[in-house]
Asks: 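The structure's right below; bear with me while I get my questions together.
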There are 2 protein chains.
Amino acid sequence: MADVARLAGVSSMTVSRVLSGYPGVRQETRARVEEAIGALGYRVHTAARTLAGGSSGTIGVISVGASHYGPSSTVFSIAAAAREFDRSTTVVILAKIGEGSIRQAIEHLQSTHVEGIIVNAFVQTAVDALSRIDTDLPLVVLCGDQAPGHPSVAVDQRAGARLATRHLLELGHATVHHVRGPSGWIDAAGRAAGWREELGSWGRRPPRAHTGDWSAQSGYAAGQRIAADPSITAVFVANDHMALGVLRALHEAGRRVGDDVSIVGFDDIAESAFSIPPLTTVRQDFDTVGREGLSLLLRAIDGRAGDTHITVEPRLIVRNSTDAATSARRRAPTG
Amino acid sequence: MADVARLAGVSSMTVSRVLSGYPGVRQETRARVEEAIGALGYRVHTAARTLAGGSSGTIGVISVGASHYGPSSTVFSIAAAAREFDRSTTVVILAKIGEGSIRQAIEHLQSTHVEGIIVNAFVQTAVDALSRIDTDLPLVVLCGDQAPGHPSVAVDQRAGARLATRHLLELGHATVHHVRGPSGWIDAAGRAAGWREELGSWGRRPPRAHTGDWSAQSGYAAGQRIAADPSITAVFVANDHMALGVLRALHEAGRRVGDDVSIVGFDDIAESAFSIPPLTTVRQDFDTVGREGLSLLLRAIDGRAGDTHITVEPRLIVRNSTDAATSARRRAPTG
DNA sequence: ACTGTAGCTGATACCGCTAACATCAATCGG
DNA sequence: CCGATTGATGTTAGCGGTATCAGCTACAGT
């Protein structure tokens, strides 16, 4: 930096001002400095800037492991969006989620002086922990519900589940069964609640839900139980991976999906359009969630986020795994 | 830090020594310092440490977008492994891959003073660019082949492809067709080469390969062309997403996979075990790749990586999409 | 001509830590 | 018993920026 200053014939302070976009620098001086920067291939030393009280230009992201589709795509969206806003992204992957590990992750990020943190909080434990953590660092929560105490971005899980359930009911199914995600996960609870609500608003009593762990394996197991009950004609499965497992179990049991039984998933993963049959599902736009999360965090860093809660609406994608319940209506108890 | 020193009755230098694990500190002194650290809830200021010449404790990861299964799971493995080694991870997601963008990403990471960089280089362009980039920063390349000029970790794509092809030939198929990945991708080239080699070693002339873009959509399109040719009894598809598309196209055309036609995929994504029928595939252990990549980088940082190239062997997972080619042998031209 | 003000730039003092060397006591070989 | 060595700790001087305030010029108002 001293070299740049010398070459441009100014003090290092002026160079600093040019770099941080301070307006009160003469056009001509600015040009000279920028030329010197270019000529010397100079780049700021982030650590020095951070130490001297400037901003680190880095935001922290805390998330659970890679195995889940939603969380990981969100992290990538955040990283990509951050880059567009000239921010670095430091990612902390939590092996297991607990108040301790989250607190530790936040402290870790704090010691690296990130400007703010986005937490991918997909389990209730995480949200609870966050509501108890009071850091002065700007913090945005991404989750399936409004997070108390911090600005948040969420896909409306309940609305999505209602969309799915309503679609099945409108096709004429007497009732809709549900394979839910594991307890403790916010999205699992939200989707189950939406399913229950929609059934309720149609005056149907929700049957007992099956529970999976998001994996295709667990969906397969649930699917086997579902196949064994011929009265079931419509199933809303809490995510696409499990839905694919259900599809296969039904297929093996000789029940034709989209004909004997209708299935709706959730997420719209890339494979769902090409499953056999193509899966009707609820699309969540994780990219939007990530980007909105980042822009909310940047607002929070500027102190003007307040207590904003952004809701992203999911969308029903109708494919061939659902169809009018002609045969179903004949067989099922009238609803 | 000065407070800690005061409370422990030592100089700040001793605190620094305790923090960085310098051995020449008396046990008793060390204990006193650690106690003070705990009492004051002190944490190092990473930027200050970096500035003063210590290590930043951060490693950089450069990767392509989120849409591809392999790259993204690898990034997560790296981040998780890094955390176990008390390193932060700064992730740069490249919107588009070119020499310019990679160089820019490296420079960006350099200005944040990462200790080293892991590049997820899945396209040839990236590897070429890297071989031309000569940075003094330790740099490890993850890719489908040995990267010249830098230590690297790779899954042996050729071996995986040969495994898949051999499996099909051993089942009695006269020849094996191939749906390859997009040109420019190292893995696509490696798998195609392995397929060609294995066919060659059985004295079969490789048929013309179909080309997809890794997506299920493109696999579906290829599948339709394959279904139209009744002489095809065995297909090796370059990744599972495309294979699922092929599966569906064949299904729609009324060709029974695992009976009329055998399909082998590559990757072993979570859904493959539950496709209809379950997909025989080649498993790549991305977690191992990520971890080996990190440990190689840590060795490189210590200056003892040399020109190591680690190869991770893939594994054939046999499921129901492949079966003895009884009907095929009758129909196909003798090979 | 003099003061006031605005606009631009410079000098200086840190930010919190570590490298390098200095210091001091204890131990050791001859 | 003395100089040399070793081990534990302290002192000093930055690392490369930015905050703060001071200084200088040009111009307007009186």
Side-chain angles (χ1 to χ4, degrees), chain A residues 1-37 40-58 86 88 107-115 136-137 301, chain B residues 1-37 40-58 86 88 107-115 136-137 301:
Chain A
M1 177 152 166
D3 299 339
V4 173
R6 208 171 306 123
L7 180 58
V10 297
S11 77
S12 64
M13 199 52 233
T14 302
V15 178
S16 170
R17 280 194 262 262
V18 169
L19 286 169
S20 48
Y22 177 79
V25 177
R26 233 193 323 162
Q27 195 51 47
E28 185 199 314
T29 315
R30 179 183 300 276
R32 237 181 27 250
V33 170
E34 270 162 358
E35 194 179 331
I37 288 173
L40 268 52
Y42 165 84
R43 261 165 305 121
V44 290
H45 190 308
T46 316
R49 167 177 284 181
T50 305
L51 180 58
S55 80
S56 66
T58 301
D86 281 318
S88 296
E107 284 182 9
H108 171 81
L109 289 174
Q110 238 163 356
S111 82
T112 67
H113 286 250
V114 294
E115 291 183 46
D136 44 354
L137 222 57
I301 290 168
Chain B
M1 178 151 165
D3 299 339
V4 173
R6 207 172 306 122
L7 181 58
V10 297
S11 76
S12 64
M13 200 52 233
T14 302
V15 177
S16 169
R17 281 195 261 261
V18 169
L19 285 169
S20 47
Y22 177 81
V25 177
R26 231 187 330 155
Q27 194 53 47
E28 185 199 315
T29 314
R30 179 182 300 277
R32 236 178 30 249
V33 170
E34 270 162 358
E35 195 179 330
I37 288 173
L40 267 52
Y42 165 85
R43 260 165 305 120
V44 291
H45 189 307
T46 316
R49 166 177 286 182
T50 305
L51 181 58
S55 80
S56 66
T58 301
D86 280 318
S88 295
E107 283 181 9
H108 171 81
L109 289 174
Q110 238 162 355
S111 81
T112 68
H113 287 250
V114 295
E115 292 183 46
D136 45 354
L137 222 57
I301 290 168

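Quick caveat: nothing in here was measured; it's all calculated off a predicted structure. Numbered from 1 within each chain, the chains take letters A, B, ... in sequence-line order.
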Asks: Write down the distance between NE2 (A:His45) and P (C:dC15), rounded to a whole number of angstrom.
Replies: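 Taking atom P of C:dC15 as the reference, NE2 of A:His45 is at 18 Å.
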Asks: Looking at side-chain heavy atoms only, is the closest gap between B:Thr29 and B:Val10 below 4.5 Å?
Replies: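 Counting from C-beta outward, B:Thr29 and B:Val10 do come under 4.5 Å.
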Asks: Side-chain contact, heavy-atom cut-off 4.5 Å: B:Thr14 with B:Arg26?
Replies: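 The answer is no; the side chains never approach within 4.5 Å.
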Asks: For the helix from C:dA1-D:dT30 to C:dG30-D:dC1, what angle lies between the axis at the first five pairs and the axis at the last five pairs, to 10 degrees?
Replies: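 The two end axes of the helix from C:dA1-D:dT30 to C:dG30-D:dC1 meet at 40°.
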Asks: Rounded to the nearest angstrom, tell me the gap between atom CZ in B:Arg49 and atom C1' in C:dA19.
Replies: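 Taking CZ of B:Arg49 and C1' of C:dA19, I get 14 Å after rounding.
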Asks: Regarding B:Thr29, tell me which of base, sugar-phosphate or nothing describes its non-hydrogen contacts under 4.0 Å with the strands shown.
Replies: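 Touches sugar-phosphate only.
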Asks: Grab the CG-P distance between B:Leu51 and C:dC15 for me, whole Å please.
Replies: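 That distance rounds to 13 Å.
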Asks: On a heavy-atom basis, which atom in A:Ala8 and which in A:Ala36 lie closest, and how many Å separate them?
Replies: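 In this case the closest contact between A:Ala8 and A:Ala36 is CB-CB, 4.0 Å.
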Asks: Please find the pair of heavy atoms, one from A:Val33 and one from A:Val4, that lie closest to each other, and give the distance.
Replies: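 Of all heavy-atom pairs spanning A:Val33 and A:Val4, the closest is O-CG1, 4.2 Å.
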Asks: Nearest heavy-atom pair of B:Arg30 and B:Gly21: which atoms, and what distance?
Replies: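 In terms of heavy atoms, the two residues are closest at NH1-CA, 4.5 Å.
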Asks: Check DNA chain D against residues 3-16 of chain A and give the residues with a non-hydrogen atom under 4.0 Å, in numerical order.
Replies: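 When residues 3-16 of chain A is checked for heavy atoms under 4.0 Å from DNA chain D, the hits, listed by number, are A:Met13, A:Ser16.
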Asks: Please tell me which of B:Met1 and A:Arg17 maps to the more 5' nucleotide of DNA chain C, matching each residue to the nucleotide holding its nearest heavy atom.
Replies: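 Its nearest nucleotide being more 5', the pick is A:Arg17.
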Asks: Would you kindly give the CG-to-C1' distance between B:Leu19 and C:dA19, to the nearest whole Å?
Replies: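 Between C1' of C:dA19 and CG of B:Leu19: 16 Å.
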Asks: Minimum heavy-atom separation for B:Ser11 and B:Ala5, please, with both atom names.
Replies: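 Looking at all heavy atoms of both residues, the shortest contact is C-CB, 3.7 Å.
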Asks: Is B:Arg43 reaching over with its side chain to a backbone N or O of A:Glu107, donor-acceptor style, under 3.5 angstrom?
Replies: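 Yes, because the side chain of B:Arg43 sits within donor-acceptor range (under 3.5 Å) of the backbone of A:Glu107.
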Asks: Provide the closest heavy-atom pair for B:Val114 versus B:Ser56 in the form atom of the first, atom of the second, distance.
Replies: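 What the structure gives for the nearest pair is CA-OG, 3.8 Å.
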Asks: C:dG16 P sits how many Å from B:Tyr42 OH, rounded?
Replies: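 Atom-to-atom, B:Tyr42 to C:dG16, this comes out as 10 Å.
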Asks: Whole angstroms only, please: what is the CD-P distance between A:Gln110 and C:dG16?
Replies: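 Atom-to-atom, A:Gln110 to C:dG16, this comes out as 15 Å.
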Asks: One pair to check against side chain to side chain contact (heavy atoms under 4.5 Å, CB included): A:Val15 and A:Leu19. What are the steps and the verdict?
Replies: CA-CA 6 Å; A:Val15 178; A:Leu19 286 169; 4.0 Å; yes
Asks: Under 4.0 angstrom, heavy atoms only, what part of the nucleic acid is A:Arg30 near: base, sugar-phosphate, or nothing?
Replies: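 Nothing, no nucleic acid heavy atom in range.
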Asks: Distance under 4.0 Å to a non-hydrogen atom of chain B counts as contact; along DNA chain D, which nucleotides mark the start and end?
Replies: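 Answer, 5' to 3': D:dA8 to D:dG16.
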Asks: Report yes or no: does A:Thr46 contribute a side-chain atom to a donor-acceptor pair with the main-chain N or O of B:Ser111 at less than 3.5 Å?
Replies: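 At least one qualifying donor-acceptor pair exists.
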Asks: On DNA chain D, check which nucleotide each of B:Gly24 and B:Ala48 is closest to and give me the residue with the more 5' one.
Replies: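 Per heavy-atom nearest nucleotide, the more 5' residue is B:Gly24.
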Asks: Both B:Val25 and B:Ala52 contact DNA chain D. Taking the nearest nucleotide for each, which residue is further toward the 5' end?
Replies: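 The answer here is B:Val25.
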Asks: Side chains of A:Leu40 and A:Leu7: does their closest heavy-atom pair fall under 4.5 Å?
Replies: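 Result yes, sub-4.5 Å side-chain heavy-atom pair found.
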